[in-house]
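Lettering follows sequence order; numbering is per chain, from 1.
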Amino acid sequence: MATERYNAPAREPHWQQAWRDANVDAAKNDTTLPKCYVLEMFPYPSGRIHVGHSRNYTMGDVFARYKRAKGFNVLHPMGWDAFGMPAENAAMERNVHPGNWTHENIAAMREQLKSMGFSIDWDREFATCDANYYEHQQKLFLDLLDKDLAYRKSSKVNWDPVDQTVLANEQVIDGCGWRSGAPVETKELTQWFFRISKYSDELLEALDTLDKWPEKVRLMQANWIGRSEGVAIRWALNDDTAPADHKELEVYTTRPDTLFGASFLAVAADHPLAKAAAENNADLAAFCEECRHLGTSVADIETAEKKGFDTGITARHPFNPDWELPVWVANFVLMDYGTGAIFACPAGDQRDLDFARKYDLPVTPVILPDGKSADTFEINDEAFDGDGTMINSDFMNGMTTDAAFEAAADKLAGLQLSDAPVGERQTNYRLRDWGISRQRYWGCPIPIIHCDDCGSVPVPAADLPVKLPDDYIDFDTPGNPLDRHPTWKNVNCPICGKPSRRETDTMDTFVDSSWYYVRFTAPHAKKPVDSEQAGYWLPVDQYIGGIEHAILHLLYSRFFFRAISDAGHAPAGGKNLREPFAALFTQGMVTHEAYFQPNPEGGKPIWIEPSKVSFSGEGKDRKAALAESGDPVEIAGIEKMSKSKKNVVDLDEFINNYGADTARWFVLSDSPPERDVLYTDVGVEGARRFVQRVWRLIDDAADKASPKASEKPKEFNSESTILRKAAHKSLDAVGKHIEGLRFNVAVATLYDFANQFGSALQKTAKDGASDDMKWVLREAAELMTQMIAPMMPHLAEECWARLGYNTLIANQRWPAAEQALLVDDEMTIAVQVNGKRRDELTISVSASKSDIETAALALEPVIKALDGKPVKKVIVVPKRIVNVVA
RNA sequence: GCGGACGUGGUGAAAUCGGUAGACACAAGGGACUUAAAAUCCCUCGGCCCUAGGCCAUGCGGGUUCAAGUCCCGCCGUCCGCACCA
């Protein structure tokens, strides 16, 4: 009997090598097999992997290994989302080339992933910064351009005047650039765009088909797309008040029903009418200028006062030409939604009401809430935007809100203004086209050449890739390094041959991640998409990643997949695939308590690594201090593991101490996978103990069990039957739980089975094992090993070898549970009297409802609870419950 | 402001369709083995009255139902997303 501890850190590399030698991780090149494409969102190579990162790869790996064992041809690839700002920041801080920095990180992280034993098809690995990846992306860009799905236009951007670059909205903090701290300016820049708006409707409608996506994500996307049904109304302007060439003003509204409550019209400060009116009105011009400087941050919007300026222009009400309304410029009207102009009904909109009260404009209620009287109802400080009955509304009086919408829209469509209908029904979207230009070096170059004569000319496909220069990069000067490169941008026009200049903007890195999952299906293909391979492998059967990508990455991918399909890169197979990810799972983070000391010089606190902290006291009195000096340390609470808060646990260190299987088991245990899991030393201890426990069980069973491939006994005694049933029921349950990604429940099922297996083994130590029990011990040990294999693959191999096999368990099929063992001969049913549990009844599963009823009514506690009262009704639900109603 | 999710022991959590609430684990307490420790194994473990047994318990208050953690309505709390979107 060998009861040595299992030395995971020493044994795991051995099995990883064995898998490599047997090539178990590679997807098979056989498109007749049933396939399963499992993908975790690929990482940004930021440095090193910590335990927090490892969780979603572990989940994907368990699923992939399980599916492979179930007989699927599994594609489980890995790559690197390798372009982006951190590499340029590192270049600035450490004077290293972004490419070198990135590749060093990739090398380190690849080794870490391998040391976790992830079953990844490494032959398909690529980084988005590889020219053989981005050359295909450049081709896709050109094809989109050809189909008018990419275009160039001038647009307003957040501009950091110090760093000389465009900032995303998220990079603007309190109106200042996140790096430079300089006040952000609004600037007009000519930028490249993808026409995602063309797909607004399809992207919205198709959300309903994504039944294996979290409801939350679908909702967030629907809100983001933001479809609204309304009416575009053209108002005639009075000639004597309006600037020349401004005869009318178009507004967009979702509430044409409230037209009789109109009080004024308002346009954005950037609206052409505002600009025209400001030309000979210095005060108005000043007001518009002030609006332009208004911040766009959340805080700015919340605190900004509603302000306006009367242009003196008046407009005629569409339903009553004699009714004149003033046109204001208002700071809360946005130029880039609808038409940049609104009509205001203060009674029905809080902003309009605040504005009307401030500038003393009329307020006419037009909707009477249900249950209110028209005589007493009035609007004070609160607008009413609900449904009700129309009042003060001419032909709409008495109608419901919905009916009034229809009536107003129809009437507007029938009215004429300069030979066209006054109003037209219109669908509006919040979603805007995707601006992809970035003034950065470390990104995919946009393959365009600007020629003074020929305009923006696509780089001929034969000249791709347009490679980034790697000879000279000056990162110390603000602005786009590509633009400053002495020679890179100089090129001759492909059409006329005249000296021209390359586009120096690079693509948003979200473009890189919008099609990498397609490229994984044929990463070495000469064209961007190998239709056959894409047709076989796509869609991704299970996609796993963080909720932080609920909108941007996932929406961009859904769009880009459609766009490239429509531009000639559709997957083959006649599936007319539109959605790239059939199932999505958003996993929770690993959290860890974080500690800090206040910064004596003020500013950001100094974060302390948990390993340097010691504790005293408990509960509220729990105190933390530096272990070395005893200096007090503040406990910041539970935070997501992140490098900046120093509360990460390095993966290499963990694996050296405990082994990869302990890490895998720990991140799968306890918390449901979609929720955060708290990293604690005792939690890790628990996982480590279980690894040893499984090893002891199998080791012990291997000694006691019959040899492998022994003949199955004809009969089993009751004790061995109990163990057999437990094993097969667990097998069935674990499979279902992995399939449903309920890893924490699968873990609990295995703990449970380990307990039962352990008890059975203990009994044999006392009483010895019968021949049939010896056979069952082997069966149980083998099933146990197979059940843990997706989650703790190294340990499973070790156990498999201990059980006498010289094959790899990674190549074994998932065993089928014997159905007969999953059903019991007897069932235990709770018996209630008037809904209160009084006893339970164990009876044959074949018992009829009336048998059950009779047996239940004969139970002593039932008779006692009834206390002689007559039975009115007995509800019998076989296998579940009996309820006696008295 | 709009939209959504969640709320179960000391802790992380289980609980197909509405059908025995608390599986499994952690922590805690007790015991066995040991010269001792580690490791391991066994027992107890929601609260109250404690006696077989009973009563109360899934944030709070109602409702539907033979039966509610689960469904419906209203509160309270926590978290998340969007946000001057006409």
Looking only at side-chain atoms of [X], point me to the closest of [options].
{"X": "A:Ala748", "options": "B:A23, B:A86, B:G19", "value": "B:A23"}
{"X": "A:Arg430", "options": "B:A83, B:A14, B:U16", "value": "B:A83"}
{"X": "A:Met220", "options": "B:A25, B:A86, B:G81", "value": "B:G81"}
{"X": "A:Arg351", "options": "B:C85, B:G81, B:G53", "value": "B:C85"}
{"X": "A:Arg838", "options": "B:G54, B:C24, B:C85", "value": "B:G54"}
{"X": "A:Lys216", "options": "B:C80, B:C82, B:C26", "value": "B:C80"}
{"X": "A:Trp224", "options": "B:A83, B:A25, B:G4", "value": "B:A83"}
{"X": "A:Ile881", "options": "B:G4, B:G81, B:U20", "value": "B:U20"}
{"X": "A:Arg837", "options": "B:A21, B:A13, B:A86", "value": "B:A21"}
{"X": "A:Val877", "options": "B:G19, B:A14, B:C24", "value": "B:G19"}

Using atom [atom1] in both nucleotides, what's the gap between [N] and [M] to the nearest angstrom?
{"N": "B:A57", "M": "B:G62", "atom1": "P", "value": "11 Å"}
{"N": "B:C2", "M": "B:C84", "atom1": "C1'", "value": "13 Å"}
{"N": "B:C73", "M": "B:U8", "atom1": "C1'", "value": "22 Å"}

Notebook entry, point to check: Syn or anti for B:C76, with syn set at within 90° of 0?
Noted result: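 B:C76: anti.
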Notebook entry, point to check: Under a 90° cut-off about 0 for the syn range, is B:G7 syn or anti?
Noted result: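 That one's anti.
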Please determine, for [N], whether a Watson-Crick or G-U wobble partner exists with both distances under 3.5 Å, and give it or none.
{"N": "B:A27", "result": "none"}
{"N": "B:C2", "result": "B:G81"}
{"N": "B:G9", "result": "none"}
{"N": "B:U40", "result": "B:A32"}
{"N": "B:U16", "result": "none"}
{"N": "B:G53", "result": "B:C49"}
{"N": "B:A68", "result": "none"}

Margin query: Would A:Arg5 pass as a cation-pi partner of A:Trp695, given that its NZ or CZ must be under 6.0 Å from the six-membered ring centre and within 45 degrees of the axis?
Written below: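 A:Arg5 over A:Trp695 ring: no.
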Kindly assign one of parallel, tilted or perpendicular to the pair [X] and [Y], based on the angle between their ring planes and the thresholds 30° and 60°.
{"X": "A:Trp235", "Y": "A:Phe343", "value": "tilted"}
{"X": "A:Trp434", "Y": "A:Tyr556", "value": "parallel"}
{"X": "A:Phe355", "Y": "A:Tyr359", "value": "tilted"}

Return the polar atom pairs (N/O with N/O) between nucleotides 62-65 of chain B and the protein under 3.5 Å, or none.
none

Next item on the list: State, to 0.1 Å, how close A:Thr254 and A:Glu229 come at their nearest heavy-atom pair, and which atoms those are.
Entry: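 That closest heavy-atom pairing would be CG2-O, 3.6 Å.
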Note to self: Testing the basics here: between A:Ser671 and A:Asn744, what is the closest heavy-atom pair and its distance to 0.1 Å?
What the structure shows: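 Smallest interatomic distance, heavy atoms only, reads O-CB, 3.5 Å.
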Where do N or O atoms of nucleotides 66-70 of chain B meet protein N or O atoms at under 3.5 Å, pair by pair?
residue: B:C66; atom: O2'; partner: A:Asn883; partner atom: ND2; Å: 3.0
residue: B:C66; atom: O2; partner: A:Asn883; partner atom: ND2; Å: 2.7

Next item on the list: I would like to know whether A:Asp201 and A:Tyr429 meet side chain to side chain donor-acceptor pair (under 3.5 Å); could you show each step before the answer?
Entry: CA-CA 9 Å; A:Asp201 223 39; A:Tyr429 299 90; 2.4 Å; yes
Check: Does the ring centre of A:Phe690 sit less than 6.0 Å away from the ring centre of A:Trp665?
Finding: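 Aromatic pair counts; centres sit under 6.0 Å.
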Checklist line | Test of ring centre spacing under 6.0 Å for A:Phe585 and A:Trp213 | finding: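 When the ring centroids of A:Phe585 and A:Trp213 are compared, they turn out to be at least 6.0 Å apart.
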[atom1] of [X]: more than 12 outside heavy atoms within 6.0 angstrom?
{"X": "A:Lys640", "atom1": "NZ", "result": "no"}
{"X": "A:Glu639", "atom1": "CD", "result": "yes"}
{"X": "A:Lys358", "atom1": "NZ", "result": "yes"}

Item checked: RNA chain B contacts made by residues 260-272 of chain A, counting heavy atoms under 4.0 Å ->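 Residues of residues 260-272 of chain A that come under 4.0 Å of RNA chain B do not exist, since none gets that close.
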Check: Just checking, is any N or O donor in the side chain of A:Asn755 or A:Arg693 under 3.5 Å from an acceptor N or O on the other one?
Finding: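 Side-chain D/A pair, A:Asn755 to A:Arg693: present.
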Next item on the list: Using a heavy-atom cut-off of under 4.0 Å over every strand shown, decide if A:Lys836 touches base, sugar-phosphate, or nothing.
Entry: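 Sugar-phosphate contact only - A:Lys836 comes under 4.0 Å of backbone atoms but never of a base.
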Note to self: By the 4.0 Å heavy-atom rule, please label A:Pro861 as base, sugar-phosphate, or nothing.
What the structure shows: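 Here A:Pro861 touches no strand at all.
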Kindly give the atom pairs (protein nitrogen or oxygen, nucleotide nitrogen or oxygen) under 3.5 Å for nucleotides 38-42 of chain B.
residue: B:U40; atom: O3'; partner: A:Arg696; partner atom: NH2; Å: 3.4
residue: B:C41; atom: OP1; partner: A:Arg693; partner atom: NE; Å: 3.3

Item checked: Intermediate values then yes/no, side-chain contact (heavy atoms from CB on, under 4.5 Å), A:Thr591 and A:Met641 -> CA-CA 5 Å; A:Thr591 58; A:Met641 270 196 188; over 6 Å; no
Next item on the list: Apply the test side chain to side chain donor-acceptor pair (under 3.5 Å) to residues A:Gln587 and A:Arg675: give CA-CA distance (whole Å), side-chain angles for both, the deciding distance (0.1 Å), then the verdict.
Entry: CA-CA 7 Å; A:Gln587 97 284 353; A:Arg675 243 181 266 179; over 6 Å; no
If you restrict it to nitrogen or oxygen atoms, what contacts under 3.5 Å exist between nucleotides 43-51 of chain B and the protein, and what is each distance?
none

Next item on the list: Using modelled atom types only, decide if a donor and an acceptor are shared between the side chain of A:Arg742 and the backbone of A:Lys736 within a distance under 3.5 Å.
Entry: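 Indeed, once roles are kept as given, a pair shorter than 3.5 Å links the two residues.
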Note to self: Can a donor-acceptor pair be found, under 3.5 Å and without considering hydrogens, that links the side chain of A:Asp433 to the backbone of A:Ser197?
What the structure shows: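 Side chain of A:Asp433 to backbone of A:Ser197: a pair is present.
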Below 3.5 Å, can you tabulate the donor-acceptor pairs from side chains in residues 256-268 of chain A to any protein atom, sequence neighbours excluded?
residue: A:Asp257; atom: OD1; partner: A:Arg255; partner atom: NE; Å: 3.3
residue: A:Asp257; atom: OD2; partner: A:Arg255; partner atom: NE; Å: 3.2
residue: A:Asp257; atom: OD2; partner: A:Arg255; partner atom: NH2; Å: 3.0
residue: A:Thr258; atom: OG1; partner: A:Arg255; partner atom: O; Å: 2.9
residue: A:Ser263; atom: OG; partner: A:Pro362; partner atom: O; Å: 2.8

